[in-house]
Amino acid sequence: MNIIVADYSGFCFGVERAIKIVEETSDKGGRVYTLGPIIHNPQLVKKLEEKGVNVKKSVEDVEKDDVVVIRSHGIPKQHMDKLKDNKISVVDATCPFVTRAQRQVSILSSSGYFLVVFGEKEHPEVKGIVSYANNGFVVVENSDEVERYVGFHDKIGVVAQTTQNKAKFDMVVDALKSKCNELKIVNTICNATDQRQEAAKKVALISDIMYVIGGKNSGNTTRLYEICKDICPKVFHIETKDEIDKSDLIGVENIGITAGASTPKFLIDEVIEFLKEVEHAG
Ligand code: SF4
């Protein structure tokens, strides 16, 4: 059995940075919380809880002496304003790529563009991004939704959730061309996403079976899974090695592995170790 691990599997720059910020903040002491999970990986969030860094679900739950670390994918502007108004100690671990997307939305809105965001409607990053739109907005999850939900506007500005698929973003952009007199395109998909998706495609092409490791709540991991599924005959989205069914490996020669930007290295290593054990046992 060959185990082929895709390049760029696991933590991206923004996630590594956010975790470092949380750990440094926690080392300084005090009641440190993250507002929502710091990244979309339940196993890593659990490890942080063991160190005393817990998750507060909403800005209303924050108390006066709490230190609040803002997650890598940001929070809505109103929540940030509320924390500041209440003089809460805030440490901002928002990824610079997400901050850029928020800033672009703000600029487009102030310049009179109606905003279209290509992304998942319920994703926290998207909710954060649209909070900077003050001139009307629509979130679309694919190009079909452009037809359904976007009316005609003089000027439309379009951005993407940072972890979206570039090919699908291009389809959304094409669909928007007939919806306005002027279309301003700002590609806010981050490098880490592009790199992971391209590397995953290469591995999917030569694998008989593929494991995509990462939180089931992780948008970028889900996208990797969808991309690989279109190429490789057998693809599984797993959070840990415990979800691997050994019977799927019978007769398999090439096993591909990739992992989302929020997947810690120890989870990837555990999957590789498990697969090696299966091979030796077989
Ligand atoms: S996936 Fe991209 S935008 Fe998200 S945290 Fe990583 S580098 Fe930042």
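Each ligand, and each atom within it, is numbered from 1 in the order the structure gives. Quantities reported herein were computed from a predicted structural model and do not represent experimental measurements.
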Asks: Establish, yes or no, whether the cationic atom of Lys179 lies under 6.0 Å from the six-membered ring centre of Phe114 and within 45° of the ring axis.
Replies: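 Because its charged atom misses either the 6.0 Å distance or the 45° angle limit, Lys179 does not stack over Phe114.
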Asks: Can you tell me which residue and heavy atom of the protein come closest to atom 4 (Fe) of ligand 1, and the distance to 0.1 Å?
Replies: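 Atom 4 (Fe) of ligand 1 sits closest to the protein heavy atom His73 NE2, 2.5 Å.
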Asks: Glu182 and Tyr113: side-chain donor and acceptor closer than 3.5 Å?
Replies: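 Yes, a side-chain donor-acceptor pair sits under 3.5 Å.
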Asks: Of all the non-hydrogen atoms in the protein, which one sits nearest to atom 2 (Fe) of ligand 1, and at what distance?
Replies: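 Going atom by atom, the protein heavy atom closest to atom 2 (Fe) of ligand 1 ends up being Cys190 SG, 2.3 Å.
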Asks: Number the atoms of ligand 1 from 1 as they appear, then name those within less than 4.0 Å of a heavy atom of Thr163, with their elements.
Replies: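 So the atoms of ligand 1 that pass are 1 (S).
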Asks: Can you measure from NZ (Lys241) to CD1 (Ile213) and round to the nearest 0.5 angstrom?
Replies: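 Rounded to the nearest 0.5 Å, the NZ-CD1 separation comes to 12.0 Å.
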Asks: Among all protein heavy atoms, pick the one closest to atom 3 (S) of ligand 1 and tell me residue, atom and distance.
Replies: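 Of every protein heavy atom, Thr162 OG1, 3.4 Å lies nearest to atom 3 (S) of ligand 1.
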Asks: Which residue holds the protein heavy atom closest to atom 8 (Fe) of ligand 1, what is that atom called, and what is the gap in Å?
Replies: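 Here the nearest protein heavy atom works out to Cys95 SG, 2.3 Å.
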Asks: Please find out if atom 6 (Fe) of ligand 1 and some N, O or S atom of Cys12 are separated by less than 2.8 Å.
Replies: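 So Cys12 counts as coordinating atom 6 (Fe) of ligand 1, yes.
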Asks: What part of Asn220, side chain from CB on, backbone N/CA/C/O, both or neither, has a heavy atom under 4.0 Å from ligand 1?
Replies: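 None of Asn220 does.
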Asks: How are the rings of His123 and His73 set relative to one another: parallel (under 30°), tilted (30 to 60°) or perpendicular (over 60°)?
Replies: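 Rings of His123 and His73: tilted, 30 to 60°.
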Asks: Can a donor-acceptor pair be found between the side chains of Glu125 and Thr162 at a distance below 3.5 Å?
Replies: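 Yes, because at least one side-chain N or O of Glu125 sits under 3.5 Å from a partner of the opposite role on Thr162.
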Asks: Ignoring hydrogens, what is the shortest heavy-atom contact between Ser207 and Cys232? Give both atom names and the distance.
Replies: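 Smallest heavy-atom distance, with atoms named: O-SG, 3.4 Å.
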